[in-house]
Protein chains: 2
Amino acid sequence: MSVSGKTAGIKDVALAAGVSVATVSRVLSNGPVSDTLRKRVEDAVRATGYRPNLSARRLRSQHSQTIGLVVSDIRNPFFTAVSRAVEDAAYRAGMRVILCNSDENPEREELYLRLMQEERITGLIFAPTRATLDRLDGLDLDFPVVLIDRNAPTGRHDAVVLDNPRAAAMLVEHLHAQGYRRIAGLFGNTSTTGQERHEGYRAAMTARGLAPAARFLVPHADAAEEAVVAWMSERDRPEAFIVSNSLFLMGVVKAARRLRLPIPDGLAVAGFDNEPWTELVGPGLTVIEQPVQDIGQSAMALLFERLEAPDRPSRRLILGGTCIVRGSTAARMAAAD
Amino acid sequence: MSVSGKTAGIKDVALAAGVSVATVSRVLSNGPVSDTLRKRVEDAVRATGYRPNLSARRLRSQHSQTIGLVVSDIRNPFFTAVSRAVEDAAYRAGMRVILCNSDENPEREELYLRLMQEERITGLIFAPTRATLDRLDGLDLDFPVVLIDRNAPTGRHDAVVLDNPRAAAMLVEHLHAQGYRRIAGLFGNTSTTGQERHEGYRAAMTARGLAPAARFLVPHADAAEEAVVAWMSERDRPEAFIVSNSLFLMGVVKAARRLRLPIPDGLAVAGFDNEPWTELVGPGLTVIEQPVQDIGQSAMALLFERLEAPDRPSRRLILGGTCIVRGSTAARMAAAD
DNA sequence: AGCCGGACTGTAATCGTTTTCACTCCGTTT
DNA sequence: AAACGGAGTGAAAACGATTACAGTCCGGCT
């Protein structure tokens, strides 16, 4: 349809329809226009191949209809699932989503927060690193923030998180019931999530009279693999590992393979995030499944509520996880050791 | 910092620095300004907490400094890796990326293409479904498009793709050398990629005097699982499967488990995309690794070249894959059958 | 001394919309 | 019959930046 080189603007449409630009604008936004003119304009829109210019629209109307979503690892299926849910909810509300991937890197987070400011987003859904979480209160951003996955120590922002302590405790309970006693823990040292899961682990262990033994690692499979390999040659070698993310899960499996320890007889393991492949490796891996869909939708809901009532007290939504039991935590064999 | 409620604009900065808005703008874009004023303005920028308004900037300057990236499945590590590479390259060039996930859904693609138009992006990197690929030429978009992963039949657009026929042939070769003969193929029916891989498979099979046996499925693990389960109970049950994507890989593994067929003795399998977990399931899965980083960077490079020379003939970049051999294609046992 | 040119600087136009405001109809109320 | 009110319309002012254009200043040439 584009006859001339340039894209048609609202002016061209007005000209083609023989009306003023104001009328065109009103047609486009369902304002009060007579049926005759409305039809004429609609035809002109089609004829000219008009496409609105979002920059102009946003500039004039002063709201971007855009929400930001900054996640810490786009490869993590947890975040891809959440972002899917967020995007769908946003789209239903006529909003756009800017998705950014911080890679657990505070500098990138800073960069993206600046970008969000400059885009004048109406709200942000954010899974920050601990470093940024600490600075968050002093940051005066001019849009509301809903935290996901990571929990703010100070409750200034809305948040929706998994009940991490409880989830970790479920894993301890389960392993304990299956006959495991020396249960070690591997936790990420970069997010509050790791801390919370550790806390739940520690509490559940001591509650059962077991000695907690936790180590904190950078969130990479390699780190977990090395840690497990080293740990298994120490005096009190663990019978089972509870790990706080799926990268560690991979690390443990690799370590078990390297040490030629069968899962679960040589080494049991349970972790977080029910990724598709966890079902396939070894006898299947026992994991906590997060209500990802729910998390995304709730985050959006919280954001919208906040936009409507900017001054209501902040709210924290804590959702429960599901324990998916698989072969990697089958009942401990009565073997001595 | 922000004293009043509203975010400071260039006007506020000008006022604070005692200069005109033009000078502020020039400072911000490194135009010619005396050192004295430059310093005054920079101080004022800091003092007011000024953040540029990207909508205004884009509207006036008429270039969005934004490139679009529409992938067909954000969960697919191939695309997350590519998008990472694209984003990095874009950022180095001072550009932003809008990432969208079409989910192999032509309607969503249409939606996103429209969005791209309205955002007035400067260029698009796109992995289209076949449906959209066919319509692509008639679509007159006002920005250049670089295709990735999917290949256009008509060469109107720049593209960077894997050498799919060759890659599929490599898998056939490998399986053949390992002693397999009845090698079946499972290919996606929604992208050209599947077609090309099938073509390579078919050619390589017939070149070796083997009978190709291919089926085409919607790209879901379940579809592959069912197909394999059914196929394995037919007269000419395959010894090995070559599959065209990682979802099918999961399906085959699940089917093998369901049928209690050990990999590779009961059923060998090889596929595409070296995802982290392929190393972990069963004896490890043999896959073709794509040069994801290279693909992303090359796509950006192609896009930039095109922007500089809009009329140069379109170019197609074909990159080679690497065959990662693992246990799922270990040499065929001499067993009769 | 007068002129020229280069280096800055400010004024104002502009990008494509939305939105305010005033105005014109026309039917209804008093 | 005059006044009112509501609905539809257009002219023009924003929105917040960039940029064309026109000065101003000052040093160096002739």
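Just so it is clear: chains get the letters A, B, ... in the order the sequence lines come, proteins before strands, and each one is counted from 1.
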Please determine which of B:R312, B:R316, B:E305 meets the side-chain contact (heavy atoms from CB on, under 4.5 Å) test together with B:D158. B:R312
Of the listed D:dG10, D:dT19, D:dA17, the closest approach to the B:Y50 side chain comes from D:dA17
Whole angstroms only, please: what is the CD-P distance between A:Q62 and D:dA13? 19 Å
Run A:T7 and B:D142 through side chain to side chain donor-acceptor pair (under 3.5 Å) and show every step you take. CA-CA 8 Å; A:T7 312; B:D142 32 32; 2.8 Å; yes
So does B:E107 have more than 12 non-hydrogen atoms from other groups sitting under 6.0 Å from CD? no
Calculate the interatomic distance between B:E118 atom CD and C:dG16 atom C1'; express it in whole Å. 13 Å
Return the nearest nucleotide to the side chain of A:R60; candidates are C:dT9, D:dT18, D:dC15. D:dC15
Could you tell me how far apart B:L15 (CG) and D:dG16 (C1') are, to the nearest whole angstrom? 15 Å
d(CG, B:L54; P, D:dC15) in whole Å: 18 Å
Whole Å only: how far is the CZ atom of A:R57 from the C1' atom of C:dT19? 14 Å
So for the helix from C:dA1-D:dT30 to C:dT30-D:dA1, with five pairs setting each end axis, what is the inter-axis angle to 10°? 60°
Which parts of residues 27-43 of chain A get close to DNA chain D, meaning a heavy atom less than 4.0 angstrom away? A:P32, A:V33, A:S34, A:L37
In whole angstroms, the gap separating C1' of D:dC15 from CD1 of B:I10 amounts to 14 Å
Measure from NZ on B:K11 to P on D:dA17 and round the result to the nearest Å. 10 Å
Answer with base, sugar-phosphate or nothing: what part of the nucleic acid does A:R58 contact at a heavy-atom distance below 4.0 Å? nothing
Hey, is the side chain of A:R26 pairing donor to acceptor with the base of D:dG10 inside 3.5 Å? yes
Answer with yes or no whether the side chains of A:T129 and A:E109 bring together a donor and an acceptor at under 3.5 Å. yes
Of the listed nucleotides D:dG10, C:dT19, C:dT11, the one nearest the side chain of A:T23: D:dG10
Side chains of B:V45 and B:V27, heavy atoms from C-beta outward: is any pair under 4.5 Å? no
Per A:N53 side chain, nearest of listed nucleotides D:dG10, C:dG10, C:dG16: C:dG16
Nearest whole angstrom, please: distance from the C1' of C:dT18 to the CG of A:L59. 10 Å
Within a strict 4.5 Å, meaning less than it, do heavy atoms of the A:R315 and A:V160 side chains meet? no
Distance from A:R40 atom CZ to A:T23 atom OG1, nearest 0.5 Å? 9.5 Å
So, are B:R46 and B:D43 salt-bridged, with charged N and O less than 4.0 Å apart? yes
Is the shortest side-chain N/O distance from B:S25 to OP1 or OP2 of D:dT18 below 4.0 Å? yes
Any carboxylate oxygen within less than 4.0 angstrom of a Lys/Arg side-chain nitrogen, looking at A:R150 and A:E104? yes
